[in-house]
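Read the structure below first, then the notes.
Atoms within each ligand, like the ligands themselves, are counted from 1 in listed order.
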Amino acid sequence: MASMRVDLPISEMPRQWYNIQADLPRPLDPPLNPGTGQPLGPEDLSPIFPMNLIEQEMCRDRWVDIPSEVLEAYALWRPSPLFRARRLEEALGTPAHIYYKNEMVSPAGSHKPNTAVAQAYYNKCEGVKRLSTETGAGQWGSALAMACAIFDLECVVYMVRVSYDQKPYRRVLMQSFGATCHPSPSELTATGRKILAEDPNCPGSLGIAISEAIEDAVSREDTKYSLGSVLNHVLMHQTIIGLETKKQMAMVGEYPDVIIGCHGGGSNFAGLSFPFLADKIAGSHDPEVIAVEPAASPTLTRGPYMYDFGDMAQMTPLLKMYTLGHGFVPAPVHAGGLRYHGAAPLTSMVKAEGLIDAVACQQRQVFESAVLFARTELWLPAPETAHALHVAIEKAKQAKEEGKETVILFNFSGHGFFDMSSYEKYFAGELVDYEMPDEDIQKALQDVPKLGS
Ligand SMILES: *Cc1c(COP(=O)(O)O)cnc(C)c1O
């Protein structure tokens, strides 16, 4: 039996993003200035971001028009297909209907270009010539590099040194799109030079790379900084995913009982689920919505909900979120991505309000599910994506036990073509499970300022 593909005609592609800030049970707690502890004003953010994106970050309108230039860029790969996983259902012998939205069809291979093209466009409108950003494994860097190629902007990416050395292919992809990629720490910033003076062999970290990218943007007139997850406007740009999916589910006459996304900073999870949460908040439907994270980086399941910095160097505003502490570094045995210490303020809020659930998974079972998926549905998932599909499989097994035709929907956030070394380790039996000890969480949280709780 073939799996079923549901295509949305391009004339039906949504022309507005959905802004969940309009429908929250209470307003978000404001971001705070790290120096004063007072709520931030738009001007505090203007050295880093263009004003049109700062306005979007604070916007409370329910619907925001997608500019026609962004719609044109989206049309290169959107609307993305929805699939019913018939072959996976058959392998599991489940009466459940399993659907997945396939975001790997973008040129960079994930959902990240949905916000990258929007951010590049808005920066272009304000006369910005050059964007700086950081990247860990390189998925965000390659998405922004691709977007800058569309809108003819320069793109500079600070890539965590270990990844730069050990995972060269994402870097080569960024260079192919025309971006410049520096290993971080670098000699190009004061932060980088200071760290290299103390430790010339420093392997780098996401926190250091963020600090370098922000310093780059702040020190140049022609440059702004761009972030690939966590912020409100980023999550809003991703809602094109869920808005398309709602139309596609309607085409097959179904509505999901369970909606699942993996959760790093929260952008692909929010992108799929927020348009459905609108129905849940309005009371017209009551889907179970689940964010999935690794047990080695258990932000939503085990972190407290409090103000913390977005980066290790404490340069970003303080955000109210679930956090493992800005100094958190996941155990080296962890291969599955989703390493960020915090969660988006918006996904944190809907979790705190009881609108969504969160679960944490061990990596060996996640890779086992990834391989079952590749052998049935044939798309090779990114390790991050495999967290979502693993929980979808668990739910389908539960439906089998209960004899229910549960309708399960998950986000297939990206492909795993650049993650072969993680798959290789799995096949060689070298992956080990890891549960973060309570003491380590307590220790990581010690440095978090006690503010505005
Ligand atoms: C970056 C990435 C994620 C995690 O980021 P979110 O902001 O939580 O979506 C998940 N899947 C893929 C394929 C990614 O590239």
Side-chain angles (χ1 to χ4, degrees), residues 77 80 100-116 119 133-147 157 159-160 163 167 169-170 173-174 206 226-242 259-274 290-294 297-300 310 319 321-322 330 334-348 350-351 356 358 360-361 366 370 373 379-391 410-419 422:
W77 72 93
S80 67
Y100 56 98
K101 177 72 163 165
N102 194 341
E103 290 293 312
M104 74 168 258
V105 298
S106 78
S110 76
H111 66 289
K112 288 195 170 78
N114 296 330
T115 184
Q119 293 190 46
T133 197
E134 74 290 331
T135 198
Q139 287 153 322
W140 169 243
S142 39
L144 192 67
M146 178 213 123
V157 182
M159 184 170 188
V160 177
S163 305
K167 300 180 179 172
Y169 298 126
R170 278 273 171 199
L173 181 61
M174 289 180 240
L206 214 45
S226 178
L227 189 65
S229 188
V230 178
L231 299 178
N232 304 337
H233 65 273
V234 178
L235 272 55
M236 186 184 75
H237 298 155
Q238 293 294 352
T239 59
I240 183 88
I241 301 172
I259 300 164
I260 303 164
C262 67
H263 193 290
S267 73
N268 90 87
F269 168 78
L272 179 69
S273 67
F274 281 7
I290 307 170
V292 189
E293 58 187 18
S297 180
T299 313
L300 289 171
L319 301 173
M321 60 185 178
Y322 286 91
H334 176 58
L338 308 168
R339 293 181 170 81
Y340 190 60
H341 69 273
L346 282 171
T347 55
S348 294
V350 294
K351 166 75 168 49
I356 67 161
C361 295
V366 164
F373 193 84
W379 309 102
L380 184 79
E384 291 87 343
T385 308
H387 286 77
L389 70 87
H390 174 68
V391 171
F410 72 91
N411 200 8
F412 192 93
S413 55
H415 66 60
F417 296 164
F418 293 98
D419 302 286
S422 296

Below 4.0 angstrom from a heavy atom of [X], which ligand 1 atoms are there? Numbered from 1 as shown, please.
X	value
K112	1 (C), 2 (C), 3 (C), 14 (C), 15 (O)
L338	4 (C)
G266	6 (P), 7 (O), 8 (O)
S229	6 (P), 7 (O)
G414	13 (C)

- Item | Side-chain (S142) to main-chain (R170) donor-acceptor, under 3.5 angstrom | no

- Donor-acceptor under 3.5 Å (N268 side chain, C262 main chain): yes

Consider every N or O of [X] and every N or O of ligand 1, then say whether any pair is closer than 3.5 Å.
X	value
G265	yes
A382	no
H263	no

If you take all heavy atoms of [X] and [Y], which pair is closest and at what distance?
X	Y	result
H415	A108	NE2-O, 4.5 Å
Y340	G310	OH-O, 2.9 Å
S226	L144	OG-CD1, 3.7 Å
M146	P107	SD-CB, 3.8 Å

- Looking at I290, V292, T347, which one forms a side-chain contact (heavy atoms from CB on, under 4.5 Å) with H263? T347

- Can you find a side-chain donor-acceptor pair between E103 and N114 that sits under 3.5 Å? yes

- Which one holds for H111 and ligand 1: side chain close, backbone close, both close, or neither close, with close meaning a heavy atom under 4.0 Å? side chain

- Item | Closest approach of any protein heavy atom to atom 8 (O) of ligand 1, naming residue and atom | G264 N, 2.7 Å

- Could you find the nearest protein heavy atom to atom 11 (N) of ligand 1 and give me its residue, atom name and distance? S413 OG, 2.8 Å

